[in-house]
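Here is the structure we will look at, set down as structure tokens.
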Amino acid sequence: MKFSSFVRIHWAALRALLVLTAITGLAYPLLVWLVAQIPGLHDKAEGSILTADGKPVGSRLIGQLFTGPAGKPLPQYFQSRPSAAGDGYDPLSSGASNLGPENIVDAPGKPSLLTQVCTRSAAVGRLEGVDGSRPFCTGGGVGAVLSVIGPRDARGNVVHPTRVVSVNEPCASTPAPFLAGYEGVRVECAKDREDYSIGQIVPVRGAAPADPVVPADAVTASGSGLDPDISPAYADLQVARVARARHVGPEQISKLVAQNRNGRALGVFGEPTVNVLRLNLQLDHWYPLPG
């Protein structure tokens, strides 16, 4: 290659580098910064930070836990929905559990999605003093699932059960399975290290109401694990507990919930929500704890 051609090619490359640096390294960031200064966008660009006594306590866009020692919910605060992000609401571990609706059989040390939902629903029921039962859950708060063993028909369904096991109730932790018998066969508890996948997996609906008292967002995590909002139904469920803890009337707490209720985006997208952090900050402002 001639020296003149070498110089011309590299001079063109240098000019392209300078132009792209000016556009992508200077002009574009400056444009984004200017757009972020527009009223209505500036707060979001700054992280939508909420403060208490002049100190930042969190973002309106990122949820957080309101728990005490050993992860127990603090009764004076509204509780967020469950989170699968790290140990809970960890922005560096944002993500979901990636468990689907067919995940109903527990693995050693790893409860199924169904059992997680059942356990959470029972815990919320105890905390709020309501019925925490829901379909396909045992009274002990695990998935009501049987492994039915026996000969099968052409479709793969067991026609004459010879053995039935409650797969999510290990013998070491339950005095008796949630169901005494199934199609004339006694139901057994699950024995350690036994594989029941040979059987037909049958979830049992049970006698729980079709519309549980504990709403769905109280027992399921969001896709990001960082959702800062809960449904109005879950907020209303917590009003009585928070009112008792703060020694005020439920109607006063309900009024705060209503003030922090957000409608659907653009009036049509999504569902109404309540921002948990903002609501709890207002609780501390208007109804501080005694002493």
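Starting from 1, each residue takes its place in the sequence as its number. Predicted, not measured: the structure shown is a model, and the values here were computed from it.
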Could you please spell out the steps behind the side-chain hydrogen bond (donor to acceptor under 3.5 Å, both in side chains) verdict for Asn260 and Arg278? CA-CA 7 Å; Asn260 286 276; Arg278 189 170 58 189; 3.2 Å; yes
Step by step, would you call Arg60 with Asn275 a side chain to side chain contact (heavy atoms under 4.5 Å, CB included)? CA-CA 7 Å; Arg60 184 170 53 85; Asn275 188 273; 3.5 Å; yes
Applying side chain to side chain contact (heavy atoms under 4.5 Å, CB included), run through Asn157 and Arg152 and close with a yes or a no. CA-CA 5 Å; Asn157 297 318; Arg152 305 194 184 205; 6.0 Å; no
Could you walk me through whether Ile230 and Thr273 satisfy the side chain to side chain contact (heavy atoms under 4.5 Å, CB included) test, starting with their C-alpha distance in whole Å, then the side-chain angles of each, then the deciding distance to 0.1 Å, before giving a yes or no? CA-CA 6 Å; Ile230 57 176; Thr273 59; over 6 Å; no
Could you go through the side-chain hydrogen bond (donor to acceptor under 3.5 Å, both in side chains) check for Ser231 and Asp217 one step at a time? CA-CA 7 Å; Ser231 67; Asp217 64 307; 2.8 Å; yes
Assess the residue pair Trp286 and Val248 against the criterion (side chain to side chain contact (heavy atoms under 4.5 Å, CB included)); give the C-alpha distance rounded to whole Å, side-chain angles, the decisive distance to 0.1 Å, and a yes or no. CA-CA 11 Å; Trp286 292 107; Val248 299; over 6 Å; no
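With sequence neighbours left out, Arg120 forms a salt bridge (Lys or Arg N to Asp or Glu O under 4.0 Å) with no residue at all. Among residues two or more places apart in sequence or in another chain, the side chain to side chain donor-acceptor pair (under 3.5 Å) test is passed with Asn280 by none. Not counting sequence neighbours, Glu183 has no partner by the salt bridge (Lys or Arg N to Asp or Glu O under 4.0 Å) test. Partners of Ser121 according to the side chain to side chain donor-acceptor pair (under 3.5 Å) rule, which considers only residues two or more places apart in sequence or in another chain, are Arg134. Considering only residues two or more places apart in sequence or on other chains, Gln64 meets the side chain to side chain contact (heavy atoms under 4.5 Å, CB included) condition with Phe66, Leu277. With sequence neighbours left out, the side chain to side chain donor-acceptor pair (under 3.5 Å) criterion links Ser173 to no other residue. Under the rule for a salt bridge (Lys or Arg N to Asp or Glu O under 4.0 Å), Glu102 has no partner lying at least two apart in sequence or in another chain. For Asp284, the side chain to side chain donor-acceptor pair (under 3.5 Å) criterion is met by Tyr77, Arg246, not counting sequence neighbours.
Two residues are said to be in side-chain contact when any heavy atoms from C-beta on lie closer than 4.5 Å; Arg241 and Leu127 meet this criterion. Pro209 has its side chain out of reach of Asp211: every pair of non-hydrogen atoms, C-beta onward, lies at least 4.5 Å apart. Between Val204 and Leu146, some side-chain heavy-atom pair lies under the 4.5 Å cut-off. With a 4.5 Å cut-off on side-chain heavy atoms, Val274 and Val257 count as touching. Inter-residue side-chain proximity for Ser112 and Val105 is flagged as unmet; no heavy-atom pair is nearer than 4.5 Å. Using a 4.5 Å cut-off on side-chain heavy atoms (C-beta onward), Ser147 and Ile201 make contact. Looking only at side-chain heavy atoms (C-beta outward), Gln79 and Tyr234 come within less than 4.5 Å of each other. No side-chain heavy atom of Val158 sits less than 4.5 Å from a side-chain heavy atom of Ile149.
The nearest pair of heavy atoms linking Gly225 to Ser83 is O-OG, 2.6 Å. For the pair Leu50 and Leu281, the tightest heavy-atom approach, listed with the atom from each and the gap, is CB-CD1, 3.7 Å. Smallest separation of non-hydrogen atoms from Lys191 and Tyr196: N-OH, 2.8 Å. The heavy-atom pair separating Pro212 from Ser133 by the smallest distance is CB-O, 3.9 Å. Among all heavy-atom pairs drawn from Ser222 and Ala96, the shortest one is O-CB, 4.1 Å. Pairing each heavy atom of Leu237 with each of Pro215, the nearest pair is CD2-CD, 3.9 Å.
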Side chains of residues 265-272: which donor-acceptor partners sit under 3.5 Å, not counting sequence neighbours?
residue: Glu271; atom: OE1; partner: Arg264; partner atom: NH2; Å: 3.1

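Residues Glu194 and Arg163 are paired through a salt bridge, judged by an N-O separation under 4.0 Å between the basic side chain and the carboxylate.
A donor-acceptor pair is defined here as one N or O able to donate and one able to accept, closer than 3.5 Å; such a pair exists between the side chain of Gln116 and the backbone of Pro111. Counting only distance, with no hydrogens or angles, the side chain of Ser80 and the backbone of Leu65 share no donor-acceptor pair below 3.5 Å. Judged by distance alone, with hydrogens and angles left aside, the side-chain atoms of Ser97 form no donor-acceptor pair with the main-chain N or O of Ala84 at under 3.5 Å. With hydrogens and angles ignored, the 3.5 Å screen pairs a side-chain donor or acceptor of Ser254 with a backbone N or O of Pro250.
A continuous path of ILVMFWY side-chain contacts below 4.5 Å connects Val124 to Val239, so both sit in one hydrophobic cluster. The same ILVMFWY cluster, assembled from side-chain heavy atoms under 4.5 Å apart, contains both Val213 and Val117. Hydrophobic clustering keeps Ile104 apart from Val142 (ILVMFWY residues linked when any side-chain heavy atoms are closer than 4.5 Å, directly or through intermediates). Under the 4.5 Å side-chain contact rule for hydrophobic residues, Ile49 and Ile62 do not share a cluster. Both Val219 and Leu113 are assigned to one and the same hydrophobic cluster, defined by single-linkage of ILVMFWY side chains at heavy-atom distances under 4.5 Å.
For residues 70-86, every residue pair satisfying the salt bridge (charged side-chain N to carboxylate O under 4.0 Å, His left out) rule, not counting sequence neighbours, is listed here: Arg81-Asp227. Residue pairs meeting the disulfide (SG to SG under 2.5 Å) criterion with at least one member in residues 182-250, sequence neighbours excluded, are Cys171-Cys189. Pairs engaging residues 53-83 under the disulfide (SG to SG under 2.5 Å) rule: none recorded [sequence neighbours left out].
Taken from CG in Asn168 to CZ in Phe136, the straight-line distance is 13.5 Å, to the nearest 0.5 Å. Atom CG of Leu256 and atom CD of Glu251 lie 11.5 Å apart (nearest 0.5 Å).
The 12-atom threshold is exceeded at CG of Leu18, counting heavy atoms of other residues, nucleotides or ligands nearer than 6.0 Å. Counting heavy atoms of neighbouring residues, nucleotides and ligands inside a 6.0 Å radius, atom CG of Asp87 does not exceed 12 of them.
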